[in-house]
Trainee: 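There's a structure below that I have some questions on.
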Amino acid sequence: MSDHRYDPHEIEPRWQALWAAERTWEVSNLTTGEHALEVSAGGGRPVGEPPSSYVLEMLPYPSGEPHIGHLKCYAVGDAIAHFHRRLGRRVLHPMGYDSFGLPAENHAIRTGVHPRVSIAESIASFQQQFRSWGISIDWSRELSTSDPSYYRWTQWIFLELFRAGLAYRKEAAVKWCPKDQTVLANEQVDAEGHCERCGALVEVRQLEQWFLRITDYAERLLGDLGEIDWPEHVKTMQRNWIGRSEGAEVTFRCEEMGVDYPVFTTRPDTLFGATFFVMAPEHPDVMRLAAGTEHEQAARDYVNSALNETNEERGNTDKVKTGVPLGRTVTNPVSGEQIPMWVADYVLMEYGTGAIMAVPAHDERDHDFATTFELPIKRVIEPIDAPDDEDGALPYSGDGRLVNSDPQFDGMGNREALSAIVSWLDREGKGHASVNYRLRDWLISRQRYWGCPIPIVHCERCGMVPVPEDQLPVELPDIDDYLPKGRSPLAAAEDWVNTSCPDCDGPALRETDTMDTFVDSSWYFLRYCDAGNDSAAWDPAALREWMPVDQYIGGVEHAILHLMYARFFCKALADLGHVEFQEPFRALFTQGMVTKDGSKMSKSKGNVVSPASIIERVGADTARCYILFVGPPDQDADWSDDGVEGVHRFLSRLWRLSAETADRAGGPSPGLPAPTTLEGDELELARKAHWAIEKVSGDLRRFAFNTAIAAVMELLNDCSRLRDSVSTEGLSYALGTAASLLFPFAPHACADIYERLTGERVWEQAWPQADESLLERDVYELVCQVNGKVRDRVQAGSDATPEQLKDLCRAAPNVIAHLDGKELVKEIVVPGKLVNLVVR
RNA sequence: GCGGGCGUGGUGGAAUUGGUAGACACGCCGGCCUUAGGAGCCGGUGGGCGAAAGCCCUUGGAGGUUCGAGUCCUCUCGCCCGCACCA
């Protein structure tokens with residue numbers, strides 16, 4: 001035994017230094033001309049591989065230090081990036097930081113350190129650690145969303161949306177976080193009505209805010225999901241969030257007030273069963289309707305208490321229904337009946353029109369309400385299977401035939417009646433077919449300091465005026481007091497706020513709200529394509545080269561918000577002529593969480609495994625391999641220190657055997673020559689190497705990194721077993737292949753091994769190709785079954801005919817024993833696998 | 001309630017198209033080497049019966065389709081995730 005010892009602390013920094021010095025992972029844009037020749041050469045790319053690849057992991061929020069989840073995400077992305085490179089593709093694999101936002105600002109409030117300073121420290125820490133992980137990043141394109149050179153273009157995009165009418169201001173009932181003192185997007189409030197950031201109970205306030213018109217894109221956001229290679233559960237979440245419902249808008253008229261009230265319903269077929277009408281407490285007409293009636297005071301009390309309810313209280317479906325009558329009626333447009341108007345908190349202002357027709361016989365909620373307040377319940381749909389069952393349970397929401405409606409509809413199937421009734425409403429001018437979405441417009445303004453300023457000036461004479469492009473960026477002024485006071489801290493920066501109108505030069509005030517950080521991250525992947533451009537957000541030619549992103553990688557927690565917003569931005573920018581594609585991310589991979597002892601890592605539980613400490617102990621290659629080996633990367637994985645040791649042993653054995661073999665060979669063998677005489681163990685080992693090539697290549701394409709690493713482990717196990725019975729050349733070939741295949745997961749150790757064995761750089765080598773002739777075996781083990789049970793195994797030639805296979809099976813000793821005295825009724829032959837004899 | 005997913009040895013997991021269940025690893029047991037081992041190497045390891053050959057059982061549970069089911073179908077239990085008074 002020689003004194004070779006696997007020492008990641010020597011190996012890893014050495015290769016990192018080389019990659020940094022040579023800028024190995026940088027790619028330039030072909031449009032600059034530098035690489036124009038390279039693309040035509042094709043670089044030995046296999047047929048069917050596109051010339052370029054954009055591999056992107058979701059950009060990190062730089063807070064403190066990277067955690068184990070980052071390690072997993074970048075281990076996955078880096079494996080894909082390396083694999084694509086070695087398939088001959090030019091790979092864009094950039095890095096940046098989502099550096100605006102509340103955590104940095106709250107930290108500033110606590111410590112007095114300016115967010116710009118604390119963010120810079122975190123970024124330095126992230127960058128240093130990412131380099132210590134050996135991730136193959138093109139650092140020349142690094143960006144930070146809080147940098148004026150970046151947010152200048154965030155502001156430019158905002159103004160493009162503003163000019164197109166896609167950014168607008170309106171007063172609305174909005175979610176307000178009393179602790180963070182800011183407005184939140186609907187998506188940032190959890191189901192129980194808590195602020196996603198700080199957990200405080202969210203309140204509702206009427207405020208004028210900035211919105212982006214994402215609802216205009218609801219249909220396209222839904223439809224285009226069919227064209228992208230995303231996990232089905234993420235697409236489902238987006239579909240549910242968009243919440244498309246088909247139905248009709250039907251007008252109910254209040255004759256006393258002379259006002260028409262449209263409602264949205266998915267069940268116009270039940271219109272004849274509408275026995276009352278309910279408005280949301282927030283509906284602007286509620287108090288006007290109740291005024292002067294005996295119910296005025298009760299209605300006022302009810303609305304006040306409903307508005308003070310939390311979402312949690314109000315959303316509880318088990319709660320007994322509450323409401324009060326308004327003392328008015330509306331006309332049922334099909335029956336002409338006068339039905340009473342009510343106000344109740346089970347109707348939501350933000351969905352549909354804020355008012356509903358109530359059909360207690362065929363809707364559970366309306367039924368509860370009608371039961372509580374003894375309102376009439378009128379069945380208009382009868383189940384077809386039980387037409388005589390007059391006492392059939394109500395509410396009934398299934399299909400059936402119409403009863404108690406109009407003679408022209410009675411007896412019709414309800415689905416047929418639905419369209420017939422809608423056509424009738426349409427002809428009478430009382431309604432029309434309609435589609436409703438759950439999706440709301442995106443509220444993007446925040447009354448906070450550390451965000452991208454909204455580039456608008458408010459002028460007394462000209463109104464809202466966009467800041468001219470040549471005056472961008474509107475830079476964030478430095479302030480001393482970040483404390484939220486219900487208006488943006490920017491409002492206190494008077495020198496900055498007071499400005500002149502770009503149009504009339506008169507006195508004007510700057511908009512003091514900043515943008516939601518999701519705006520910053522909705523376009524960063526475009527900026528990477530042309531990160532250094534200081535005359536435009538991007539050169540369209542640069543986007544043409546890289547976009548859309550070939551493989552996007554990140555956590556499922558962004559399944560709805562970030563991924564929906566980024567898709568919306570692309571579609572809006574495409575409509576404005578700035579990009580030429582509709583979908584930003586062709587393929588998406590969502591990695592699972594890393595837990596410890598079965599639960600989420602957290603400081604309070606004291607179960608945090610820090611990447612820095614694990615790398616200090618076993619090195620980056622081991623940490624990266626372990627996190628990919630522990631299980632399928634889209635599933636949650638529990639961190640185990642014992643498991644890490646196992647992977648470390650594997651890398652040690654691979655490195656040690658390779659170093660010894662390189663010594664034994666007396667020097668590197670360029671080109672990794674395969675052994676020429678292939679027989680016996682030599683052949684067996686070569687076959688194993690080619691089996692591993694085939695296995696790892698397939699596994700990488702389906703993100704099965706755990707089985708890919710297991711295949712290399714098997715190859716190494718064979719190398720160890722056969723080390724003394726094969727030639728040094730044969731052993732070198734197998735070990736070099738192992739290193740080549742494992743390189744995407746353990747780049748430092750594998751670069752080191754490959755150089756020792758061949759003198760060459762593994763990342764410059766084409767991905768190995770399996771030799772078909774070595775994948776086929778001339779003999780294999782034929783499984784012999786009787787009645788589906790394995791009874792024996794015999795050697796069979798690959799070229800044996802089905803008849804010969806049957807004969808072999810029938811001749812197998814243990815098969816004979818089970819055939820004894822039985823009648824053979826059927827023989828199933830699966831060539832290459834098994835023969836099954838069916839006997840009676 | 002609606003939608004999606006999962007359930008395999010002591011543990012993490014494998015089985016890609018309906019074709020040998022348990023690859024690979026952890027852990028455990030035994031052995032070698034060692035002054036020592038939290039180093040390294042070799043062997044064993046789903047359960048039951050058996051000296052062995054071998055036989056039986058086994059992928060949450062119950063049925064079904066099939067020559068053959070972890071994989072497909074029906075029902076059922078348990079867990080996880082998303083949405084939820086969305087008209």
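Below, read A as the first sequence line, B as the second, and so on, with proteins coming before strands; counting in each chain starts at 1. Nothing here was measured: the structure is a model prediction, and the numbers come from that model.
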Trainee: Anything under 30° is parallel, anything over 60° is perpendicular, the rest tilted; go ahead and classify A/Phe369 against A/Phe373.
Mentor: tilted
Trainee: Measure the distance from CD on A/Glu660 to P on B/rC41 and round it to the nearest whole Å.
Mentor: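 That distance rounds to 10 Å.
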Trainee: Where the side chain of A/Gln635 is concerned, which of B/rC41, B/rG13, B/rA87 is the nearest nucleotide?
Mentor: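 Shortest atom-to-atom distance from the side chain points to B/rG13.
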Trainee: Only one of A/Val359, A/Leu418, A/Asp363 forms a side chain to side chain contact (heavy atoms under 4.5 Å, CB included) with A/Thr270, so which one is it?
Mentor: A/Val359
Trainee: Can you tell me which nucleotide in B/rA14, B/rA21, B/rC57 comes closest to the side chain of A/Val790?
Mentor: B/rA21
Trainee: In terms of ring plane angle, is the pair A/Tyr261 and A/Phe277 parallel, tilted or perpendicular, where the classes change at 30° and 60°?
Mentor: tilted
Trainee: Expressed in angstrom and rounded to an integer, what is the separation of A/Glu364 atom CD from B/rA84 atom P?
Mentor: 18 Å
Trainee: May I ask you to verify whether the side chain of A/Asn836 and the base of B/rC67 hold a donor-acceptor pair under 3.5 Å?
Mentor: yes
Trainee: Would you indicate what A/His818 reaches in the nucleic acid, counting non-hydrogen atoms under 4.0 angstrom: base, sugar-phosphate, or nothing?
Mentor: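 Here A/His818 touches the backbone only, sparing every base.
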Trainee: Using a heavy-atom cut-off of under 4.0 Å over every strand shown, decide if A/Arg791 touches base, sugar-phosphate, or nothing.
Mentor: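 Touches sugar-phosphate only.
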Trainee: Whole angstroms only, please: what is the CZ-C1' distance between A/Phe650 and B/rC41?
Mentor: 18 Å
Trainee: With sequence neighbours left out, write down each residue that passes ring-ring contact (aromatic ring centres under 6.0 Å, His included) with A/Phe264, or none if nothing qualifies.
Mentor: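 Partners of A/Phe264 by the ring-ring contact (aromatic ring centres under 6.0 Å, His included) criterion come out as none, since no residue qualifies.
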Trainee: Looking at B/rC55, I'd like to know if its phosphate oxygens (OP1 or OP2) sit under 4.0 Å from a side-chain N or O belonging to A/Asn814.
Mentor: yes
Trainee: On the nucleotide B/rA87, are OP1 or OP2 found under 4.0 Å from the side-chain N or O atoms that A/Arg438 carries?
Mentor: no
Trainee: B/rC81 P sits how many Å from A/Met593 CE, rounded?
Mentor: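 Interatomic distance, CE of A/Met593 to P of B/rC81: 8 Å.
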Trainee: Just checking A/Lys695: base, sugar-phosphate only, or nothing, at a heavy-atom cut-off of under 4.0 Å?
Mentor: base
Trainee: Tell me whether the side-chain N/O atoms of A/Arg721 come closer than 4.0 Å to OP1 or OP2 in B/rC41.
Mentor: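 No, because none of the side-chain N or O atoms of A/Arg721 sits under 4.0 Å from OP1 or OP2 of B/rC41.
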Trainee: Using whole Å, report how far CD1 of A/Ile627 lies from C1' of B/rA25.
Mentor: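 In whole Å, B/rA25 C1' lies 16 Å from A/Ile627 CD1.
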Trainee: Produce a footprint string for nucleotides 69-74 of chain B: one letter per nucleotide, 5' end first; B if the base is under 4.0 Å from any protein heavy atom, S if only the sugar-phosphate is, - if neither.
Mentor: ------
Trainee: For A/Leu418 and B/rA87, give me the distance from atom CG to atom C1', rounded to whole Å.
Mentor: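 Between C1' of B/rA87 and CG of A/Leu418: 14 Å.
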Trainee: For A/Val278, which contact category applies under a 4.0 Å heavy-atom criterion: base, sugar-phosphate, or nothing?
Mentor: nothing
Trainee: Does A/Ser640 reach a base, just sugar-phosphate, or nothing at all? Heavy atoms under 4.0 Å.
Mentor: nothing
Trainee: Counting Watson-Crick and G-U wobble pairs with both distances under 3.5 Å, what is the dot-bracket string for RNA chain B, 5' to 3', using [ ] for crossing pairs and | for pairs to another strand?
Mentor: (((((((..(((......[....)))((((((.......))))))((((....))))..(((((..]....))))))))))))....
Trainee: In whole Å, I'd like the distance from the CG atom of A/Leu628 to the C1' atom of B/rC24.
Mentor: 15 Å
Trainee: Students often mix this up, so state it plainly: with edges at 30° and 60°, are the rings of A/His648 and A/Tyr6 parallel, tilted or perpendicular?
Mentor: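 Tilted.
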Trainee: According to a strict under-4.0 Å criterion, is A/Arg649 in side-chain N/O contact with OP1 or OP2 of B/rC26?
Mentor: yes
Trainee: Distance check needed: B/rG12 C1' versus A/Glu645 CD, whole Å only.
Mentor: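 Spelled out: CD on A/Glu645 to C1' on B/rG12 is 16 Å.
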Trainee: Using distance alone, with no hydrogens and no angle criterion, decide if A/Tyr346 and A/Asp366 have a side-chain donor and acceptor under 3.5 Å apart.
Mentor: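 Yes.
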Trainee: Any base atoms under 4.0 Å from A/Arg653, or only sugar-phosphate, or nothing? Heavy atoms, all strands.
Mentor: sugar-phosphate
